[in-house]
Amino acid sequence: MTVCAIAPTAESEDEDDDGTPHADCVITADGSYAARLARAGESWFPERWTLGGPEPYAVPLPAHQPEEPGTEVHPMADGRVLIRRLVQGRHVFSLLYPTGPGTGELPLGAVECREEGTRLRLLPPAPCGERAYALAVGRRSTTLWLVAGGAFGPQHVAEIPGRCSGGVWLDRTGRILALDRESGGCTKAIVVDLERGGEVSPLLQIAADSDDRLLLADPDSGLLLIRSDAPSPGEPRLGWGVLGSTFPVRFPESLRLPGRTLTPFAIQPGQVLLPENCAVALRLDGPFDSWVGVWRPAERHLHQLAAPRGWLAGSGLWTRDGVLRLPYATEAEPCGVAHVTVPRTTGPTSTTPATAPHTTGGTRPDTTPRTRADTSTTSDTTTPMTIPTTPLPPPAPEPPTPHRPITLQQALGLLVTN
C-alpha cells in the first residue's frame with residue numbers, strides 16, 4: 001500500500017461487509033453531527049445532519065457528479081464530512097463542507113491497496129471527533145490508516161498480523177481501539193494502542209477455540225457487548241461483561257431470538273460504575289423488516305418496539321438521562337429524530353411499554369411503538385472469564401534511565417481468559 005496524490009476521476013462501487021449489518025447513518029461520538037449517503041431519483045449524494053441544536057436539519061453536499069452506491073461518508077466534530085471514494089483502484093479521501101449554494105471539497109490524498117482482494121473501510125468515528133481512521137484488510141494482515149486529522153494526508157499507523165474486522169473505541173481520547181482478529185481458525189478481540197505505534201495485546205479469550213467478538217463498549221460504565229459461540233458452539237450469542245470485573249460474561253436468554261439478528265448500536269452514557277443500569281439499543285432484523293430493541297443488564301427483559309417510519313436502520317444515540325434518539329427520513333420529512341423513553345421494569349418479566357416517541361423536525365411520522373413482550377424467565381447462561389480490571393493508562397512519560405519496555409497487556413491487564 002502506498003499514499004498517493006489524488007486526481008479525482010470516475011468512482012466505482014466498493015462495499016465492505018464484515019458480517020455485521022452496517023448503519024444507514026453515521027453519528028459523531030458526541031452526537032452533534034451525522035452523515036449519510038442520500039438518494040434523489042437515481043443519484044446518490046452526501047448529506048450532513050446537524051443534531052446538536054433544538055431542531056435537526058440536513059444540508060446536502062453534492063459534488064460535481066453523483067456518488068457511487070459504495071461511497072462511505074463520515075462526520076467530523078467540526079461539521080465537515082469525510083468521504084471515501086474508489087477511484088481507479090485507489091481509495092480517495094476528501095473533506096466536504098457547505099459553501100453557500102455549493103459544496104467545498106478539501107482533498108486529503110489516497111491509499112492504494114496493491115494486494116489483490118484487500119478491502120478498505122472507515123472505522124467508527126473517533127471519540128475526539130478530530131481524526132478518522134480506516135482499516136485495510138488483506139489476506140494475511142490488516143493495515144490501520146489515519147486518513148483525516150494528521151499532519152499531511154493519509155498516514156500509516158500500524159500493520160497487524162491476521163485479518164481484522166469490527167472496531168470499538170475503549171476510551172474517550174481515541175487512543176485505545178479494539179478489533180476482532182481472525183487468526184488460527186478463531187476470531188478474538190484484541191487491543192491496539194495508537195500512542196505506542198499500534199502495539200497489540202489480547203482482549204477477549206473466553207475459550208481456546210471460541211469466536212469472541214467485541215461489538216460495543218461504553219467507557220463511562222465499562223459495559224461491554226460481546227458476541228461469542230463459547231456457551232453454545234456453532235451458535236454465536238450476545239453476552240455482556242464489564243471492563244474491570246472478575247465476574248463471568250453473561251449470555252441472557254432475553255437476547256436469544258431464533259430467526260432474528262440482534263446488533264447493539266448504542267449504550268446510554270454517563271452511568272459511571274453502574275453498567276447494570278445502562279440502557280442498550282439494538283437493531284433487530286427479521287426476514288422482512290427491522291425494528292428496535294431496548295435492554296438493560298439489570299433486567300431479564302427485552303423491550304421490542306416498532307421503529308419510526310423511515311428509520312435509518314442501525315443508527316441512534318442515547319442521552320445521559322435515558323432518552324433514545326432515532327434519526328429517520330421520509331418523503332414528507334427528510335430529516336427527523338424520534339425520541340423514545342423506555343422506563344425500567346420492576347421485575348424480570350415486566351412488559352411495561354415504552355412511551356410514545358416524541359419527534360423533532362416537522363410532521364410526525366407513524367412511530368407509535370408496539371411492545372413485543374419478551375417474558376422469558378429462563379436464567380442467563382454464564383461463561384467464566386476475567387474482564388480487564390485496570391483503567392486505561394495515560395501516555396507514558398520519557399524515563400530518566402533506560403528500562404525494559406512493558407507490553408500493552410502488562411500495562412492494561414487486558415487479557416481475558418477463563
Side-chain angles (χ1 to χ4, degrees), residues 6 8 11 14-15 22-86 91-109 121-134 147-149 174 265-266 308 310-319 325-339 359-362 365:
I6 70 168
E11 293 90 357
D14 179 38
E15 293 183 335
H22 57 81
D24 293 338
C25 180
V26 182
I27 305 174
T28 56
D30 64 0
S32 56
Y33 292 101
R36 71 176 186 128
L37 204 62
R39 187 171 183 174
E42 298 299 321
S43 300
W44 296 88
F45 61 92
E47 187 177 73
R48 186 196 72 186
W49 287 33
T50 299
L51 303 176
E55 297 287 338
Y57 65 91
V59 176
L61 297 172
H64 61 280
Q65 64 184 34
E67 306 293 346
E68 295 292 333
T71 301
E72 283 189 290
V73 291
H74 181 104
M76 307 296 289
D78 60 5
R80 294 183 293 181
V81 173
L82 175 70
I83 186 168
R84 178 192 66 85
R85 303 180 177 109
L86 186 63
H91 300 271
V92 180
F93 299 92
S94 297
L95 286 172
L96 306 179
Y97 53 93
T99 56
T103 301
E105 182 165 342
L106 175 63
L108 297 178
R121 65 176 177 87
L122 294 173
L123 287 173
C128 65
E130 300 174 353
R131 300 185 297 273
Y133 295 86
V147 297
F265 63 85
W311 178 43
L312 303 179
S315 59
L317 69 155
W318 288 97
T319 64
R325 305 179 67 198
L326 300 173
Y328 63 87
T330 64
E331 185 175 351
E333 189 177 356
C335 178
V337 176
H339 293 207
T359 64
T360 58

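Values below: every heavy atom of this structure, side chains too, minus hydrogens, waters and symmetry copies. This is a predicted model, so every value here is computed, not measured.
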If only atom types and distance count, is the side chain of [X] paired as donor or acceptor with the main-chain N or O of [Y] below 3.5 Å?
{"X": "Thr103", "Y": "Pro62", "value": "yes"}
{"X": "Trp318", "Y": "Ala266", "value": "yes"}
{"X": "Arg121", "Y": "Leu123", "value": "no"}
{"X": "Ser94", "Y": "Ile83", "value": "no"}

If you take all heavy atoms of [X] and [Y], which pair is closest and at what distance?
{"X": "Ala29", "Y": "Pro127", "result": "CB-CA, 3.7 Å"}
{"X": "Leu95", "Y": "Tyr97", "result": "O-CD2, 4.0 Å"}
{"X": "Pro334", "Y": "Ala329", "result": "O-CB, 3.3 Å"}
{"X": "Cys335", "Y": "Ala58", "result": "SG-N, 3.7 Å"}
{"X": "Leu317", "Y": "Gly31", "result": "CD1-CA, 3.6 Å"}
{"X": "Leu51", "Y": "Pro56", "result": "CD2-CB, 4.1 Å"}

Distance-only check: which donor-acceptor pairs under 3.5 Å involve side-chain atoms of residues 73-80, not counting sequence neighbours?
unit_1, atom_1, unit_2, atom_2, d
Asp78, OD1, Arg80, N, 3.1
Asp78, OD2, Arg80, NE, 2.9
Asp78, OD2, Arg80, NH2, 3.0

**OP:** Using side chain to side chain donor-acceptor pair (under 3.5 Å) as the criterion, list what pairs up with Ser43, not counting sequence neighbours.
**Re:**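 Residues passing side chain to side chain donor-acceptor pair (under 3.5 Å) with Ser43: none at all.
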Subject >> Charged N-O contact under 4.0 Å between Arg85 and Glu67 >> reply: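 Yes, charged N to carboxylate O under 4.0 Å.
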**OP:** Identify the residue among Leu312, Val59, Ile27 that makes a side chain to side chain contact (heavy atoms under 4.5 Å, CB included) with Trp49.
**Re:**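 One option only clears the test, and that one is Leu312.
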**OP:** Taking side chain to side chain contact (heavy atoms under 4.5 Å, CB included) as the test, write out the residues that go with Ala38, two or more places apart.
**Re:**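 Once residues adjacent in sequence are excluded, the partners of Ala38 under the side chain to side chain contact (heavy atoms under 4.5 Å, CB included) criterion are Arg36, Phe45, Glu47.
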